[in-house]
Structure formats: C-alpha cells, structure tokens
Amino acid sequence: MTELILSLDVLDRKRAVQIAESCAPFIDEIKVGYPLVLSAGLSIVEDLAGLGLPLIADFKVADIPNTNRLICEAVFAAGFDAVIAHGFVGADAARACVEVAHNHSGAAYIVAEMSHPGATEFFHGGVAESLAELAVACRADGIIAPATRPERIARLREIVGEKAIYSPGVGAQGGDPDTVARLVDGVIVGRSIYEAEDPAAEAERFSRIRR
Ligand code: O7E
C-alpha cells in the first residue's frame, strides 16, 4: 500500500492541530518541518502525538556527525518517530542520523533528489544516484525522491531496491499522484490538502492512492 503523508506546513498551532485531526482518518503519517516547529514550538509534537500517527521530523539534517547526533537525539526525545537528513554531508554524518534513529527504534530517510526546478542544478549528473547509494550503504530506511520527475524515481528505485521511497511534489508542485503512487512507498502532500477549503475531503480524495 502506498502511504499518504500529510506535510503539515501550517504556521498557526490551532489550525495545524485542527487540520491534522480532521485528516487523521485518511492519512498514514504526518511530516512536521521548520515552518510549524519554528512558529508553534517543539511542543506541537505533544499535541499531534495523541492522533496516534507516526510523526516525521523534516529538518533535513545536514551537519557534522556530532551535531547531527545531537539534533537527532533531540528529535527523538521530542517524540518524533522518524527524521529526514541530507546525504551530501557525507556517509559519516548521514550514518550518525541513522544510528540515533535506530537506537530509538525510529527511522531515518536521506534526501536523494529534490522536487523543485532548481534541484536539477546540483542533483543531476550522478549526484542523486550517489546519494541513493549512500543511503543504502548507511542502512537508512529510505530516500526522498521527486514526484515532479517520475522517471528519476524509477532510476533511483533501481539503486535502493526495496527500501522506502517517499515522494513530495504532487499537486501544488505539479506531480501527478496516481503516476507517482505506483512508484513509491509514500506520497507527501502539503498545500493541496492544508490549503483546501475542506482539508479532510481533499485528504480523503488523495487517500485513494493507498492501494
Ligand atoms: O508542495 P507541497 O505544499 O505539497 O509540500 C511539499 C512538502 O515536501 C514541503 O514540506 C517541502 O518542504 C517538502 N519537500 C519538497 O517539496 N521537495 C523536496 O524535494 C523535499 C521535500 C521534503 O519534504 O523533504 C523531505 C521529505
């Protein structure tokens, strides 16, 4: 089954919780990043934990191994279930995130290629492939690959095999959910759901990809 992951990039704490609650029956996980944590505080995790859905910390961790370790310890102490890290900082730094995640029975995902137009400036030409290889070597639980470029997801799948691929970029960024859902383990959706007049109805519509 392809999972539906809500990207909760909402700045108002009350609204974020309302949207998460109303969408909860139709989604599999919630991704929380800097926009929400910086405006609502890290304690937003406690508000969302009651929903019983896994919470992914999208902090795209990208520092030296020791700092990565400290960041990830704080992430799991706060109550997150998974963390997203960059791989371009090198295998030692990425591995630090994976080790902390696994010590907490959590998961760590490495960004292999991003979804926005400018991502092609640096991720193409073999870089994304190297990052996917690094994710495998570091025993990460999966990678992030762009819903805006399904052909790239297919290429990265050849490298990561059965590891999870989570994919942002459908809806607002132009990616087609049905095409992408066939290629990945989870589709990440933000604005198309949380900016909709009826976020729960939109989440339900997207949830048809879960098959
Ligand atoms: O475009 P939206 O509104 O559906 O939101 C997409 C979310 O996925 C948003 O939080 C953005 O920061 C994130 N994202 C991308 O859009 N593209 C990427 O390449 C990577 C991410 C991301 O979440 O990376 C970690 C999963």
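In listed order, ligands and their atoms are each counted from 1.
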With side-chain hydrogen bond (donor to acceptor under 3.5 Å, both in side chains) as the test, would you mind laying out the steps for Gln173 and Thr148 before giving the verdict? CA-CA 7 Å; Gln173 296 182 53; Thr148 47; 5.5 Å; no
Would you say the ring centers of Tyr109 and Tyr166 fall short of 6.0 Å from each other? yes
Stepwise side-chain hydrogen bond (donor to acceptor under 3.5 Å, both in side chains) check, Arg205 with Ser192: CA-CA 11 Å; Arg205 207 173 64 76; Ser192 296; over 6 Å; no
In chain order, what residues pass the ring pair (Phe, Tyr, Trp, His ring centres under 6.0 Å) check against Phe59, with sequence neighbours excluded? Tyr34, Phe80
Every residue of the protein that comes under 4.0 Å of ligand 1, judged on heavy atoms: Ser7, Asp9, Lys31, Asp58, Lys60, Ile84, Met114, Ser115, Ile144, Pro168, Gln173, Ile188, Val189, Gly190, Arg191
Out of Glu195, Arg15, Gln18, which one pairs with Val10 under the side chain to side chain contact (heavy atoms under 4.5 Å, CB included) rule? Arg15
Ser39 versus Asp12: any side-chain heavy-atom pair under 4.5 Å? no
